[in-house]
Amino acid sequence: MERENVWKSYDEAALKELNGLNEGYKAFITEGKTERKCVKETIRQAKEAGYRDLDEVIKNGETLKAGDCVYAQIMGKAIALFKIGKRPLTEGMNILGAHIDSPRIDIKQNPLYEDTDMALLDTHYYGGIKKYQWVTLPLAIHGVIVKKDGTVVDVEIGEKEEDPVVGITDLLIHLSADQMEKKARTVIEGEDLNVLVGSQPLQGEEKDAVKAQILKFLKETYDVEEEDFLSAELEVVPAGKARDFGFDRSMVIGYGQDDRVCAYTSMKALLEVGELERTGVCLLVDKEEIGSVGATGMDSNFFENVVAEVLDRLGMYSGLNVRRALKNSKMLSSDVSAAFDPNYPSVMEKKNAAYFGKGLTFNKFTGRGGKSGSNDANPEYIAEIRAIMEKHHVAFQTAELGKVDQGGGGTIAYISARYGMQVIDSGVPVLSMHAPWEICSKADIYEAKKGYVAFLLEA
Ligand code: MN
Ligand code: MN
């Protein structure tokens with residue numbers, strides 16, 4: 001079953017729309033280097049599209065009706081947007097789910113030290129990374145430092161043209177005789193991912209003068225003390241913008257495309273869609289890369305609780321109605337797929353791989369080994385999705401994550417499936433997944449957004 005390359009089908013108007021969407025997307029991932037920043041930007045765009053904060057609606061004692069648009073967030077790291085449909089919520093929602101956390105390197109709670117007149121920050125990596133990919137790159141630091149009085153200080157170093165960057169060094173090839181014999185897993189070890197942040201001693205300081213210089217900078221720039229690192233959440237990520245990739249500009253290279261590419265296209269689909277029969281939802285969660293744990297991860301009760309609140313505002317809350325609304329829902333659990341890479345064909349089974357330019361990818365299952373840890377979507381549901389995609393001329397493909405027993409991975413799909421709703425994994429194929437700079441096809445991004453709109457309208 002060969003599927004056509006969708007680029008061939010585009011006329012001028014489609015290409016214009018495709019490029020417009022991708023410009024917005026590049027801006028989104030350039031700005032959204034952390035889950036907090038993605039939530040902030042999502043709220044900004046949602047408000048512009050007429051969405052209201054659900055907390056405000058509750059506080060004002062207002063009710064909701066068909067056509068109303070609201071959002072709810074938790075701890076600034078996960079968010080759910082609702083566009084209320086004409087049919088009762090108990091008949092179910094059409095949910096677009098994606099995650100907004102990405103692999104990165106986090107600063108430890110007691111990070112700053114000086115060694116041989118150099119100041120470094122100790123780190124603990126987040127999510128699955130090949131550690132050797134993260135050295136010798138210009139890196140930026142994003143996040144918050146929360147002071148004892150509750151003040152939240154936003155930190156961002158390394159993104160503006162005039163900003164300095166930081167980074168992790170690697171051993172020179174001339175002295176790498178021993179290192180080059182090591183396995184890729186241990187070439188760069190987790191405890192050695194130390195970020196170099198300074199080398200100039202502070203005048204008049206005797207002991208740890210380079211560290212003192214860094215502390216002076218932090219005091220002057222952010223009005224924080226060394227001890228404030230204890231209550232900080234600082235993420236080290238690749239510095240720089242998302243850019244066009246390829247002579248023909250057909251691709252996007254950027255940090256955090258897993259899974260902000262699905263988050264952005266899902267969000268855009270909901271914000272632009274017109275009146276809906278069934279309530280449309282865009283759910284963007286945190287902590288997927290470390291098992292969907294915590295209050296802001298998919299395994300929390302965040303979404304269920306928000307659904308209860310929405311039902312209450314619709315004047316139809318009951319415990320049973322919450323269960324009915326969830327059970328009758330349909331979901332596209334959207335996360336990136338591994339794109340076929342001609343440099344590494346051996347890990348893929350060609351008939352069941354995702355390809356650039358062949359559109360939105362559906363995975364019946366993910367997991368590893370004998371599908372362990374997967375949500376296995378029902379064929380009845382897949383048939384319905386196929387029909388919807390065809391009706392709306394959305395290019396789509398189906399894939400597995402590599403050859404059987406080659407490896408594997410999971411998503412948030414199995415968690416929502418618990419409620420009895422129909423869920424299938426879908427998303428955009430990506431090259432160099434989990435590397436500092438990942439690559440996606442602009443055509444697949446465009447088809448994903450089209451597919452999400454179709455799903456909201458028809459499922
Ligand atoms: Mn992902
Ligand atoms: Mn991932």
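Keep in mind that what you see is a predicted model, and the values were worked out from it rather than measured. Below, each value reflects all heavy atoms present in this structure, side chains not excepted, and no hydrogens, waters or symmetry copies. Counting convention: from 1, in listed order, for ligands and their atoms alike.
Cation-pi geometry between Arg260 and Tyr25 is not met: the NZ or CZ atom fails to fall both under 6.0 Å from the ring centre and inside 45° of the normal.
Around the Mn ion (ligand 2), the protein contributes the following N, O or S atoms under 2.8 Å, ordered by chain and number: Asp258 OD2, Glu289 OE1, Glu289 OE2, His434 NE2.
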Test Asp286 against Thr296 for side-chain hydrogen bond (donor to acceptor under 3.5 Å, both in side chains), laying out the working first. CA-CA 5 Å; Asp286 180 28; Thr296 55; 2.8 Å; yes
Full working for side-chain hydrogen bond (donor to acceptor under 3.5 Å, both in side chains) between Gln133 and His434: CA-CA 10 Å; Gln133 293 176 334; His434 282 210; over 6 Å; no
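Between Arg313 and Glu309, no side-chain nitrogen of the basic residue sits less than 4.0 Å from a carboxylate oxygen of the acidic one, so the salt-bridge criterion is not met.
Between Phe28 and Tyr264, the distance from one ring center to the other falls under 6.0 angstrom.
Put simply, the residue from Leu196, Val166, Ile168 that forms a side-chain contact (heavy atoms from CB on, under 4.5 Å) with Leu120 is Leu196.
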